[in-house]
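For reference, the structure discussed in these notes is given below.
Just so you know, these numbers use all the heavy atoms, side chains as well, and skip hydrogens, waters and symmetry mates. Owing to the predicted nature of the structure, the values given are computational and were not obtained by experimental measurement.
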Amino acid sequence: MSALAGLAPVVQVHLAAALIALILGAVVLAASKGTTVHKAMGRIWVVLLVVISLGSFWIREINDGGFSAIHVLSVVTLLSLAYAIYSIRRGRVRSHRLTMIAVYAGGMIGAGLGALAPGRVLSGLLFGP
């Protein structure tokens, strides 16, 4: 049986969406901007981040069932995504670009590195208990 099979479904969805979003986000950031493909991939990436962020509120093992600092990152991510969408719809391309880069760097890379800390689920899956 897979190590993932023992995880709660919300954690499985969270990890799967995060892995896909990590890869897709890099592709979106590297691709030509403003194209139909960029917009479609960007929309998928935003949906993945919303799933990841909202799902995190049902993952509370690291603080004895309470919310933790990582949940602040989820709120910041959701607000930042809303701001980035608002910006691009108003033609503020630079603001949109900088916000999306910040979400990718802080939300995806930062949270991903944090998930590798000893005692976290991802760390246990990759490196053992």
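Here the side chains of Met108 and Val103 are not in contact, with every heavy-atom distance at 4.5 Å or above.
Residues Ile20 and Val10 fall within the same hydrophobic cluster, defined by Ile, Leu, Val, Met, Phe, Trp and Tyr side chains chained together at heavy-atom separations under 4.5 Å. Val51 and Ile85 fall into different hydrophobic clusters, where Ile, Leu, Val, Met, Phe, Trp and Tyr residues are linked whenever their side-chain heavy atoms come under 4.5 Å apart, directly or through other members. A single hydrophobic cluster is not seen to contain both Val93 and Leu81; linkage of ILVMFWY side chains at heavy-atom distances under 4.5 Å, directly or through other members, places them apart. Cluster annotation: Leu19 and Val27 are assigned to distinct hydrophobic clusters (Ile/Leu/Val/Met/Phe/Trp/Tyr, side-chain heavy-atom contacts under 4.5 Å, transitive). Val47 is not connected to Trp45 by any chain of hydrophobic side-chain contacts under 4.5 Å among Ile, Leu, Val, Met, Phe, Trp and Tyr, and they are in different clusters.
At least one donor-acceptor pair under 3.5 Å links the side chain of Ser56 to the backbone N or O of Ser53. Checking side-chain atoms of Lys33 against main-chain N and O of Val28 turns up a donor-acceptor pair under 3.5 Å.
Within the structure, every pair that satisfies the side chain to side chain donor-acceptor pair (under 3.5 Å) test and touches residues 92-119, not counting sequence neighbours, is listed here: Tyr83-Ser95, Ser87-Ser95.
Ala21 and Ile52 get closest at one heavy-atom pair: CB-CD1, 3.9 Å. Taking every heavy atom of both residues into account, Leu24 and Met41 meet most closely at CD2-O, 3.6 Å. Across all non-hydrogen atoms, the minimal contact from Gly107 to Thr77 is CA-OG1, 4.4 Å.
In this structure, the side chain to side chain contact (heavy atoms under 4.5 Å, CB included) partners of Val75, at least two apart in sequence or on a different chain, are Phe57, Leu79. Not counting sequence neighbours, Thr36 has no partner by the side chain to side chain contact (heavy atoms under 4.5 Å, CB included) test.
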For a side-chain contact (heavy atoms from CB on, under 4.5 Å) check, start with the C-alpha distance between Leu78 and Leu49, then their side-chain angles and the critical distance, and finish with the verdict.
CA-CA 8 Å; Leu78 291 168; Leu49 264 74; over 6 Å; no
